[in-house]
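See structure below.
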There are 2 protein chains.
Amino acid sequence: MATNAPSSPPPRTLTLRDVSEASGVSEMTVSRVLRNRGDVSETTRNKVLQAAKDLGYVPNKIAGALASQRVNLVAVIIPSLSNMVFPEVLTGISEVLDETPLQPVFGVTNYQPEREEKVLYEMLSWRPSGVIIAGLEHSEASKAMLKAAGIPVVEIMDVDGEPIDSMVGISHRRAGREMANAIVEAGYEHIGFLGTKMPLDHRARKRFEGFTEALAKSGLEVEDQEFYSGGSALAKGREMTETILTRSPNLDFLYYSNDMIGAGGLLYCLDKGIAVPQQIGLAGFNGVELLDGLPRQLATMDACRAEVGRAAAHIIAKRVSDPNAQPGERIVLKPQIDFGDTLLRR
Amino acid sequence: MATNAPSSPPPRTLTLRDVSEASGVSEMTVSRVLRNRGDVSETTRNKVLQAAKDLGYVPNKIAGALASQRVNLVAVIIPSLSNMVFPEVLTGISEVLDETPLQPVFGVTNYQPEREEKVLYEMLSWRPSGVIIAGLEHSEASKAMLKAAGIPVVEIMDVDGEPIDSMVGISHRRAGREMANAIVEAGYEHIGFLGTKMPLDHRARKRFEGFTEALAKSGLEVEDQEFYSGGSALAKGREMTETILTRSPNLDFLYYSNDMIGAGGLLYCLDKGIAVPQQIGLAGFNGVELLDGLPRQLATMDACRAEVGRAAAHIIAKRVSDPNAQPGERIVLKPQIDFGDTLLRR
DNA sequence: GATCTTTCTGTTAGCGTTAACATAGCGTTT
DNA sequence: AAACGCTATGTTAACGCTAACAGAAAGATC
């Protein structure tokens, strides 16, 4: 019997040696050609490239990385993909890394510290050149791993706390405060809050803290609250808004922890013929472009998602290309309130 | 001096040898403990685990993979992250792989065949155990790479064509046909189509083909069309709907290539006081849960995103754990029309 | 023409881990 | 007590590639 079944893939995967034999030069020369490193004559270069192409050779980065002690991967660790926020961050990261030899690898934690720890461990075991990780809150073990890894680490999306190395993001406390101030200045006095039932979403928590703190300074407080988990955010926003307004009919402003539930609330108010923003004002958080087509534009505050991704990627790229670059960079973005059509001005 | 600078990372990353020296056993034994492979006495096991923990050792999978010729990665290649569709597929994949030693690694192509080729090459160079890739249309080079890789390949989201190995998805032609038939049966006669200006979105194209084909069988045709690219889908849906209805006021049905622009169209019609579904019927595609809170429920057809992800992951997991498992599996999911509130029944 | 450059190619020795085999120790069997 | 079997550990040789150095070929300099 010759080999195996007809037109089946070659039994063994190809190595440099195969290309080397096919082109009649040493493995080292093939390696040089394929990596564009060192001087190789035009003639051999072409010979090698042709052979590699004919054979369908794909280099083995595992062996390459082990030999060179260099890995072009950047670990990107985020809490969720369904949130719409994070895909945008990833897009920003990819955009920048595309112009470098670096390649992002994503991991998702579902907002669970144990998952984060596991994902981080898995990723670090591939010895990436850098880590981009959402948030500043991590388990002790995770922090220890990040410190011990000896690679650039950028914590993103939040700047209210001490980073391990670098950080890029906005202050969610400040975002909460500014929205509270805008609401107070606009003259609203009976304020309700609607958010996720997610104790581990530290950024939502910080926004809420900043929000209540700033209200308190004006002698106000959140008069009623409503929380949800799971399900379609738009539908939940409707339900919760109905619930809270039924329970506390005198509320004149609703602050939502994200734009999707805010949009649900907006649709509910419009359905019920509630005058927005006169009778009730509304605001969300994130600046989700997706919602641009709604009948009214929800007041919100941009979380600068793509920009955060780009900045984080730039930091990693710089640190990787220049090992002497200063660590501990801190980039604090300052988003402005977008008043939209649901928050009175002044 | 005890070790190195205070609280600075160790100058060199740790290896098995460090753990081996710290625990007084051979590297091999450490390796066995850390992988739970082979017999190791309880005493040494604990000694080793303690030492590894104290040192903060993280195994080097690069070296491990090279030595064992086994890599626990599954390459997942999708066109886009901003589409909402794909994050759901990824969630389904993760869900299943979480219960195996396999780990997904994502790559994004932005619907560009050249990007797909590059991403695929990069991923294959890490010698993953399997590939999950969206669509059945790939460049010749990509197909060649996939065939030559000698690993299980699952093409997902579409079943209208010949897979390289396995496939999981729905027939978009059928989806288009069924929607056309439902529309015709409901009595609509003047039909418009609105979609993305994206020649490389083969699935949208196939839906359109199936749609027109089925209309033709009933003696009907698409009377007007409108295309967009970029921007907020909801807003675009509004604009396009206005444009097409202004140009062709006698249309009585609008078929949208996705739910987001469909939702924009729905909001537009409601704004204008158009009677939906009597005066004009509407339908989209995908079954986006996100939209559940809209004033009316858009007629749509589920693309079974999470289910597709799960099934694909199962195929890979099976093939990896049992090298004799049959290749070429084909799973065709059959979604039903969801009439919602925007398509008359019967 | 001998020496020195410069350009190109080859050789050797790992990178950190694991597969496969070897061996030490110890209780059992006959 | 010799032979056997079992468990627990160690030794050796890859895995496929690249860094670092070595050498050959070809031209340049004196």
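By convention in this document, chain letters (A, B, ...) are assigned in the order of the sequence lines, proteins followed by strands, and residues within each chain are numbered from 1.
Within a 6.0 Å radius of NE2 in B:His314, other residues, nucleotides and ligands contribute 12 heavy atoms or fewer. The local environment of CZ in A:Arg17 is sparse, with at most 12 non-hydrogen atoms from other residues, nucleotides or ligands closer than 6.0 Å.
If you walk DNA chain C from 5' to 3' and mark each nucleotide with an atom closer than 4.0 Å to a heavy atom of chain A, the marks span C:dC8 to C:dG16.
In summary, B:Asp165 and B:Lys147 do not engage in a salt bridge, as defined by a charged side-chain N under 4.0 Å from a carboxylate O. Using a 4.0 Å cut-off between a side-chain N of Lys or Arg and a carboxylate O of Asp or Glu, A:Arg115 and B:Asp98 qualify as a salt bridge.
Counting to the nearest Å, the C1' atom of D:dG16 and the CD atom of A:Gln69 are 14 Å from each other. The CG atom of A:Leu14 sits 16 Å away from the C1' atom of D:dC15 (whole-angstrom rounding).
Residue contacts for B:Asn60: at a heavy-atom cut-off of 4.0 Å it reaches the sugar-phosphate backbone alone, with no base atom in range.
Nearest-nucleotide positions on DNA chain D for B:Ser41 and A:Lys61 put B:Ser41 closer to the 5' end. A residue-by-residue look at B:Asp39 and B:Arg127 shows that B:Asp39 has its nearest nucleotide of DNA chain D further toward the 5' end.
One can find a donor-acceptor pair under 3.5 Å joining the base of D:dG10 and the side-chain atoms of B:Arg32.
Screening A:Leu124, A:Val74, A:Val154 for a side-chain contact (heavy atoms from CB on, under 4.5 Å) involving A:Val131 leaves a single residue, A:Leu124.
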